[in-house]
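In what follows, a structure is listed as structure tokens, so that the remarks can point back to it.
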Amino acid sequence: QASQQQQAAQQQPQAAGGSGLSVQGCQNATVGNIVRGTYSQYSENHQRAVYRRSEQVNGLDVLVYYWDDRDGPNFCGWWFGPKVGGDQVWAYNSERSMTPPSAGWRVPYDGPVDGTFSVNVSGADGGASPQQQAYAQQQHAQQQQQQQLLQQQQMQQQQQQQQQWAQQQQEEKMRQQQQEQQRQQMEAQRRQQMEELQRRKREEEARTRLEQHAALTARKSINDLRAATPENFAELCQKVQEVLGQELPRCGSMAQRCQQDAAEQIEQARQRCEAVQEQRQRDEERKVEETQAFEEQQEGHKKQLGELVGLVEKAEATCGKLMEAAAPLEGGAFTAAQAADLQKVVNAAGAETKVACKEALDFVLAQRQRLEPASALLLSTQAEEVKKFVDDAREELLNLQKRIAECLTLAITSSVTAKAAGDKAVKR
């Protein structure tokens, strides 16, 4: 206990003739052997008498003393112990009576109440002298005065404690209010920051959507250049420039990239259109060349075909003479001399026909490329016309060759017939 040294100074030994007490019972055998016995008033502590057992236990005094609430309400009351205010105690009673209470003792001090433990206080005033009685009254009056003073001090302390507690409560309330205000301010700032962040986020999203839409519109116009032709290239370029003029200011960070893409697409489209123009020019030149070559071939074919027709007609003319010369041989009777003459005439006409046929065949072999155009000369632009020309040329050549073959066959047949007729006449 904190006031142990003060208590030691307040202890005043008393005369042996004061009041006494006796202790009985106690269920705890160890504590009972210590506390049971008779006690006499020994000294004073905290405006109460201190009692000491008439006999020591193991060389220790057994005291009964009172302790006020200076160390807290849990330490206020009557105690059994070897020393006033000491740490070693055996029993405790929380009553604040002027004399030790008869019942309600706890053994040990923090245990349950022992109903068998009893303290009986006995007075000794009847046999005291007048001086002792006067001294006792004086002591009692001083105790009453000290008790009143103590009560006043306690009330003042309580008032001060209440004031301090009220002040602490007020300060705590103010502190909590300040904390609440700070919390509200911080919450308002946080809410304001969140709203600002959300506003910026919405603005950023709106700006991004606007940039994306503008960039998409620009790229769509730029992509139209992929289908550019020499005829609409200038128109598409003008349209791209107009769209870029409208959309680039809204493209934001994508403006530079869109402008680069536009320049690249325009250049690529220009190169493609130039390539198309060049290819068209080459196709036109090739067409002119092929048309000219075709016309030349037609002209050469016509010329060569005319010469071949002349040679075939010449062969057919000699073949006609051969047929006239060989006509008498059909079914007639001839002498050997007549047969020999006819044979000579027929052989001569046959030889002339063969020469004419050979001349025509040699001409066909020499001029076959012009007389029979190859299919490789077909032009994509004039396929039908060229095809008809080639087919007609082949058909004409075949007809002419057939006529030559007929003439040649007739010449051979006539020669064989004339020889047969001469052989027959000689046999006769």
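Residues take their numbers from the sequence shown, with the count starting at 1.
Remark: N74 CG to Y109 OH distance equals 10.5 Å, nearest 0.5 Å. The distance from atom CD of Q156 to atom CD of Q158, rounded to the nearest 0.5 Å, is 11.0 Å. Rounded to the nearest 0.5 angstrom, E289 CD and E284 CD are separated by 11.0 Å. With rounding to the nearest 0.5 Å, the separation of CE in M194 from NZ in K201 is 9.0 Å. Atoms CG and NZ, on L63 and K83 in that order, are 11.0 Å from each other to the nearest 0.5 Å. Here the CD atom belonging to E171 is positioned 10.5 Å from the CD atom belonging to Q164, to the nearest 0.5 angstrom.
Residues satisfying the ring pair (Phe, Tyr, Trp, His ring centres under 6.0 Å) test with F117, not counting sequence neighbours, are F80, W105. Shown here are the side chain to side chain contact (heavy atoms under 4.5 Å, CB included) partners of E211, two or more places apart in sequence or in another chain: R207, S253, M254. With sequence neighbours left out, D362 forms a side chain to side chain contact (heavy atoms under 4.5 Å, CB included) with K358. In this view, K314 and E359 satisfy the salt bridge (Lys or Arg N to Asp or Glu O under 4.0 Å) rule, not counting sequence neighbours. Here R199 pairs with E196, E203 under the salt bridge (Lys or Arg N to Asp or Glu O under 4.0 Å) rule; sequence neighbours left out. Take R219 and apply the salt bridge (Lys or Arg N to Asp or Glu O under 4.0 Å) test, not counting sequence neighbours, and it matches D261. Not counting sequence neighbours, the partners of N399 by the side chain to side chain contact (heavy atoms under 4.5 Å, CB included) test are E395. Evaluation of the salt bridge (Lys or Arg N to Asp or Glu O under 4.0 Å) rule for R403 yields E316 as partners, not counting sequence neighbours. For Y92, the ring pair (Phe, Tyr, Trp, His ring centres under 6.0 Å) partners are W79, not counting sequence neighbours. Taking S118 as the reference, nothing meets the side-chain hydrogen bond (donor to acceptor under 3.5 Å, both in side chains) condition, with sequence neighbours excluded.
Side chain to side chain, E242 and Q246 fail the donor-acceptor criterion of an N or O pair below 3.5 Å. Residues R282 and Q279 have side chains that bring a donor and an acceptor to within less than 3.5 angstrom of each other.
Annotation: side chain of L408 is in contact with side chain of K354 (closest heavy-atom distance under 4.5 Å). Taking the side chain as every heavy atom from C-beta outward, L400 and L305 approach each other to under 4.5 Å. Side-chain contact between V31 and P108 is absent, with no heavy atoms from C-beta onward closer than 4.5 Å. In this structure, the side chains of C258 and L248 come closer than 4.5 Å at one or more pairs of heavy atoms. Using a 4.5 Å heavy-atom cutoff, the side chains of V364 and Q401 are in contact. When side chains are defined from C-beta on, R70 counts as touching H46, because their heavy atoms get closer than 4.5 Å. Put simply, the side chain of N120 does not reach to within 4.5 Å of the side chain of L21, judged on heavy atoms. Side chains of R106 and D114 form no contact here, defined as non-hydrogen atoms less than 4.5 Å apart.
Judged purely by atom type and a 3.5 angstrom limit, T116 uses its side chain to pair as donor or acceptor with the backbone of C26. A donor-acceptor pair under 3.5 Å is formed between the side chain of N93 and the backbone N or O of G104. Judged by distance alone, with hydrogens and angles left aside, the side-chain atoms of R53 form no donor-acceptor pair with the main-chain N or O of S22 at under 3.5 Å. A distance-only check finds no donor-acceptor pair linking the side chain of S54 to the backbone of Y39 [under 3.5 Å].
The two residues T318 and A356 make their nearest non-hydrogen contact at OG1-CB, 3.8 Å. Nearest heavy-atom pair, R52 versus Y42, reported as atom, atom and distance to 0.1 Å: NH1-CE1, 3.2 Å.
Ion pairing between E274 and R270 holds under the 4.0 Å rule for side-chain N and carboxylate O. We find that R183 and E180 are joined by a salt bridge, their nearest charged nitrogen and carboxylate oxygen being less than 4.0 Å apart. Between K287 and D283 no salt bridge is recorded (no basic side-chain N to carboxylate O distance below 4.0 Å). Using a cut-off of 4.0 Å between Lys/Arg side-chain N and Asp/Glu carboxylate O, R48 and D68 are scored as not salt-bridged. Ionic pairing of E187 and R190 is present here: one or more N-O contacts between side-chain nitrogen and carboxylate oxygen are shorter than 4.0 angstrom.
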* To do: Could you check K388 against D392 for salt bridge (Lys or Arg N to Asp or Glu O under 4.0 Å), going step by step and ending with a plain yes or no?
  => CA-CA 6 Å; K388 184 176 183 304; D392 292 345; 2.9 Å; yes

* Take S221 and D224 through the side-chain hydrogen bond (donor to acceptor under 3.5 Å, both in side chains) test and state the conclusion after the steps. => CA-CA 5 Å; S221 176; D224 290 341; 5.0 Å; no

* To do: For the pair S97 and W78, evaluate side chain to side chain contact (heavy atoms under 4.5 Å, CB included) and give the outcome as yes or no after the intermediate values.
  => CA-CA 9 Å; S97 58; W78 289 90; 3.6 Å; yes

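The environment of CD in Q238 is sparse: at most 12 heavy-atom neighbours from other residues, nucleotides or ligands sit within 6.0 Å. Open room surrounds CD on E235; 12 or fewer heavy atoms of other groups in view lie less than 6.0 Å from it. Residue Q192 places its CD atom among 12 or fewer non-hydrogen atoms of other residues, nucleotides or ligands, all under 6.0 Å distant. In the displayed structure, Q256 atom CD is contacted under 6.0 Å by at most 12 heavy atoms of other residues, nucleotides or ligands.
Every pair tested for salt bridge (Lys or Arg N to Asp or Glu O under 4.0 Å) that includes a residue from residues 296-305 fails, sequence neighbours excluded, so the list is empty. Pairs engaging residues 243-253 under the salt bridge (Lys or Arg N to Asp or Glu O under 4.0 Å) rule: E247-R250 [sequence neighbours left out].
For F75 and W67, the gap between ring centers reaches or exceeds 6.0 Å.
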